[in-house]
Amino acid sequence: MSEAPLKDPALAEDANAEPRPGRIRKPIGWSTVVIAVLVAVSAALVWRRDGASGVTEILAHDLSLFGGILPRVLAGCLLGAFIAEILPHEKVSRSLGPRSGLKGLLIATAFGAILPGGPFTAYPVASALLAVGADFGATIAMVVSWTLIGYGRAVAWEIPIMGTDFTLWRILISLPLPVLAGALGRFVYVRVYPKRATEEDEA
């Protein structure tokens, strides 16, 4: 009887190894610190001008606004989490990843242009795309396209107020901007984060 083939130790080690964890975000980053400092300075200026009653009135209004926005933010984050789980990583990486080239930027631009909803939808979707394999440039192209070309705002607001001619010309002039922004984003990302870009390219 022939002996059973020996298993490759490297393959066995890879099979038993735990999956590499994703990038861990710190709960408190530089942006949180900057916003906290700005809030403290603003509160001190309002207190000096209007006293404690002015600070309390603004705080109550802000808490009311926060309470109204919070459900939408949570719904958007939940949507982003579902999208990250549903989308196939390989197809997204192939279509919108670092090797997708101009085609990836065009796909991202088209997707951003037809993406409905406001920021509570767009930014969680953009975050989900980054999580499942889209690169920096394609995600920038999507967000810029949603901001400049988004059909929802054009149909609901721009055409009724500004007219069809203005809207069409504005969209036509804006068409190259998401692609240029995405290409510039890729260029900058590779130079600012060369190690991270190499890892994504090899993945």
Side-chain angles (χ1 to χ4, degrees), residues 14 17-42 69 72-74 76-150 153 170-171 173-203:
D14 289 342
E18 295 182 358
R20 188 173 61 180
R23 229 176 347 170
I24 300 175
R25 295 183 180 178
K26 296 179 181 179
I28 298 178
W30 64 268
S31 59
T32 306
V33 174
V34 170
I35 292 173
V37 170
L38 290 175
V39 168
V41 171
S42 301
I69 290 176
R72 304 178 191 177
V73 174
L74 293 177
C77 293
L78 189 62
L79 173 66
F82 280 138
I83 290 175
E85 291 297 324
I86 292 172
L87 288 178
H89 290 223
E90 292 182 3
K91 290 184 178 180
V92 173
S93 181
R94 187 167 58 250
S95 301
L96 300 173
R99 298 183 182 179
S100 60
L102 178 61
K103 181 182 176 182
L105 296 179
L106 292 174
I107 292 174
T109 298
F111 179 66
I114 65 172
L115 182 66
F120 303 112
T121 301
Y123 292 110
V125 169
S127 178
L129 288 177
L130 277 176
V132 296
D135 78 321
F136 206 65
T139 308
I140 288 177
M142 190 217 85
V143 173
V144 173
S145 175
W146 170 79
T147 305
L148 294 179
I149 308 175
R153 289 185 304 278
R170 199 269 307 159
I171 291 175
I173 293 169
S174 301
L175 280 177
L177 298 181
V179 177
L180 293 175
L184 182 60
R186 281 180 177 171
F187 177 82
V188 172
Y189 184 76
V190 169
R191 277 147 188 80
V192 176
Y193 306 106
K195 185 178 179 181
R196 198 180 297 171
T198 304
E199 290 176 355
E200 291 178 359
D201 195 42
E202 292 175 353

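A salt bridge (Lys or Arg N to Asp or Glu O under 4.0 Å) check over residues 182-192, counting only residues at least two apart or in different chains, returns the pairs D135-R186. Evaluation of the ring pair (Phe, Tyr, Trp, His ring centres under 6.0 Å) test over residues 83-134, restricted to residues two or more places apart or in two chains, returns Y123-W146.
Between the side chain of S93 and the backbone N or O of E90, no donor-acceptor pair lies under 3.5 Å.
The nearest pair of heavy atoms linking A122 to L115 is CA-CD2, 3.7 Å. Nearest heavy atoms, A84 versus A128: N-CB, 3.9 Å. Closest of all the heavy-atom pairs between G133 and P98 is O-CD, 4.5 Å. In terms of heavy-atom proximity, G76 sits nearest to P124 at O-CB, 2.9 Å. Contact between A113 and S145 at its shortest, heavy atoms only, is N-OG, 3.1 Å. Closest approach of A108 and A138 over heavy atoms only: CB-O, 3.1 Å.
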- request: Let me see the working for M142 and T109 under side-chain contact (heavy atoms from CB on, under 4.5 Å), right down to the final yes or no.
  value: CA-CA 5 Å; M142 190 217 85; T109 298; over 6 Å; no

message: Under the criterion side-chain contact (heavy atoms from CB on, under 4.5 Å), I'd like the reasoning laid out for L87 against L129: C-alpha separation, chi angles, the key distance, then a yes or no.
response: CA-CA 8 Å; L87 288 178; L129 288 177; 3.8 Å; yes

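With values rounded to the nearest 0.5 angstrom, L105 atom CG is found 10.0 Å from I140 atom CD1. Here the OG atom belonging to S127 is positioned 11.0 Å from the CG atom belonging to L79, to the nearest 0.5 angstrom.
Partner of L130 under the side-chain contact (heavy atoms from CB on, under 4.5 Å) criterion, out of T139, V92, L96, V125: T139 alone.
Residues I107 and S100 fail the side-chain proximity criterion, which asks for heavy atoms closer than 4.5 Å.
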